[in-house]
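Worksheet: the structure to be examined is printed underneath.
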Amino acid sequence: ETGVTQTPRHLVMGMTNKKSLKCEQHLGHNAMYWYKQSAKKPLELMFVYNFKEQTENNSVPSRFSPECPNSSHLFLHLHTLQPEDSALYLCASSHSGYEQYFGPGTRLTVT
Amino acid sequence: KQEVTQIPAALSVPEGENLVLNCSFTDSAIYNLQWFRQDPGKGLTSLLLIQSSQREQTSGRLNASLDKSSGRSTLYIAASQPGDSATYLCAVTGQAGTALIFGKGTTLSVSS
């Protein structure tokens with residue numbers, strides 16, 4: 001598979017559940033990103049990883065925990081979420097800060 | 001703090017029209033600017049990337065310009081088609097490998 005893939009595409013979870021979102025890039029990029037898109041708000045950054053090291057954290061609550069085991073994989077671990085965390089979560093990758101390529105997103109609903 | 005504004009928020013045009021989408025940003029110290037397309041409920045498709053040293057980029061019927069000193073970019077779509085209907089997002093980054101700052105987008109509807 002090419003490009004940036006994300007799984008699952010849709011996720012419904014209760015506030016006490018623990019789940020993980022997965023992102024994989026097949027482009028040989030060295031930077032990976034998590035963004036959140038809520039209704040009526042601009043896309044906003046959550047985390048940036050460069051060469052597996054976290055370089056930006058946009059004041060994200062600790063109930064969101066990222067993990068980047070290598071330059072091709074990025075995870076977002078979720079626990080004790082709130083209904084307002086329901087959103088489209090998008091992963092992106094780039095090479096040395098050039099053009100960012102996005103995955104299809106995971107539509108998360110917290111009940 | 002960088003802010004990106006897109007005008008108009010929504011636009012409806014008949015098929016065949018040429019149109020311009022506007023993007024402005026408050027801090028001219030950008031590394032690059034990207035235009036994206038997003039279909040409802042889907043991820044983002046990159047349309048054009050303009051480096052800070054460039055003035056414009058073209059791809060097919062799309063042309064994006066950048067005036068860094070005035071903090072403005074435009075996306076020109078020639079001979080619009082119903083398949084162009086989508087939300088168009090403008091985003092800038094301040095340094096290589098850092099986050100994109102997005103506008104809220106312009107939702108375009110092209111009627112046949």
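Just the heavy atoms: all of them, side chains too, but no hydrogens, waters or symmetry mates, feed the values below. The sequence lines fix the lettering, A, B, ..., with proteins before strands; numbering per chain opens at 1.
Relative orientation of the B:F102 and A:Y35 rings is perpendicular, given thresholds of 30° and 60° on the angle between their planes.
Here the straight-line distance linking atom OG1 of B:T93 with atom OH of A:Y98 works out to 12.0 Å at 0.5 Å rounding. Here the CZ-NZ distance, from A:R107 to B:K42, works out to 11.5 Å after rounding to the nearest 0.5 Å. Atoms CG and OH, from B:L44 and A:Y101 in turn, are 13.5 Å apart once rounded to the nearest 0.5 Å.
Hydrophobic clustering (ILVMFWY, side-chain heavy atoms < 4.5 Å, transitive): B:L33 and B:Y88 are in one cluster. Residues B:W35 and B:L62 fall within the same hydrophobic cluster, defined by Ile, Leu, Val, Met, Phe, Trp and Tyr side chains chained together at heavy-atom separations under 4.5 Å. There is a path of hydrophobic side-chain contacts, each under 4.5 Å, that joins A:Y33 to A:F102. Tracing side-chain contacts under 4.5 Å through hydrophobic residues (I, L, V, M, F, W, Y), one reaches B:I50 starting from B:I77; they form part of the same cluster. A continuous path of ILVMFWY side-chain contacts below 4.5 Å connects A:L108 to A:L76, so both sit in one hydrophobic cluster.
In plain terms, the two heavy atoms of B:A99 and A:L45 that are nearest each other are CB-CD2, 3.2 Å. Residues B:G103 and A:P42 share a closest heavy-atom pair of O-CB, 4.0 Å.
Of the possible polar contacts, one joining the B:Q34 side chain to the A:Q100 backbone as a donor-acceptor pair under 3.5 Å is found.
Side-chain contact check for B:F36 versus A:L43: every heavy-atom pair is 4.5 Å or farther apart.
At a 4.5 Å heavy-atom cutoff, the contact between B:L89 and chain A is made by side-chain atoms alone. Residue contact with chain B, scored on non-hydrogen atoms closer than 4.5 Å, is absent for A:E44. Within the 4.5 angstrom heavy-atom criterion, only side-chain atoms of B:Q38, from C-beta onward, approach chain A.
More than 12 heavy atoms of other shown residues, nucleotides or ligands fall within 6.0 angstrom of atom CZ in A:R63.
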